[in-house]
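Here's the structure, in structure tokens; my notes come after.
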Amino acid sequence: MDSTLLKFALPALIVLAISAAPASAVEQNCRFIQAKADREACYKRQEEELASKRKPAAPVNESKTLETLRQDDDAVYRSINNICRGC
């Protein structure tokens, strides 16, 4: 049983280690650059890469939101006025 576990677990761990190495290398290579200007340029490149990978947030249009809220309020007020209050 130990040999079958070793046959499957060891290659899986090797593949995981190989695939994780480039990602961590990208994040850490800027720390070891001695020249300040080059290091800051490296950090800026990384920041731009991360920003391009992120999903841009949809802009919130407040005027449309306020407009729909006003329409909803008007509909509620119209329905309230139709209620018989003295019955």
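- Taken from OH in Y43 to CG in D38, the straight-line distance is 12.5 Å, to the nearest 0.5 Å.
- Within a 6.0 Å sphere centred on CD of E48, other residues, nucleotides and ligands contribute more than 12 heavy atoms.
- Considering only residues two or more places apart in sequence or on other chains, K53 meets the side chain to side chain contact (heavy atoms under 4.5 Å, CB included) condition with none of them.
- Here the closest heavy-atom approach between residue R39 and residue R31 is recorded as CD-O, 4.4 Å.
- Distance check: L66 CG to Q71 CD gives 11.5 Å after rounding to the nearest 0.5 Å.
- To the nearest 0.5 Å, atom CD of residue E67 and atom CG of residue D72 are 11.0 Å apart.
- Summarising the geometry, atom SG belonging to C30 is positioned 11.0 Å from atom CD belonging to E40; distances are rounded to the nearest 0.5 Å.
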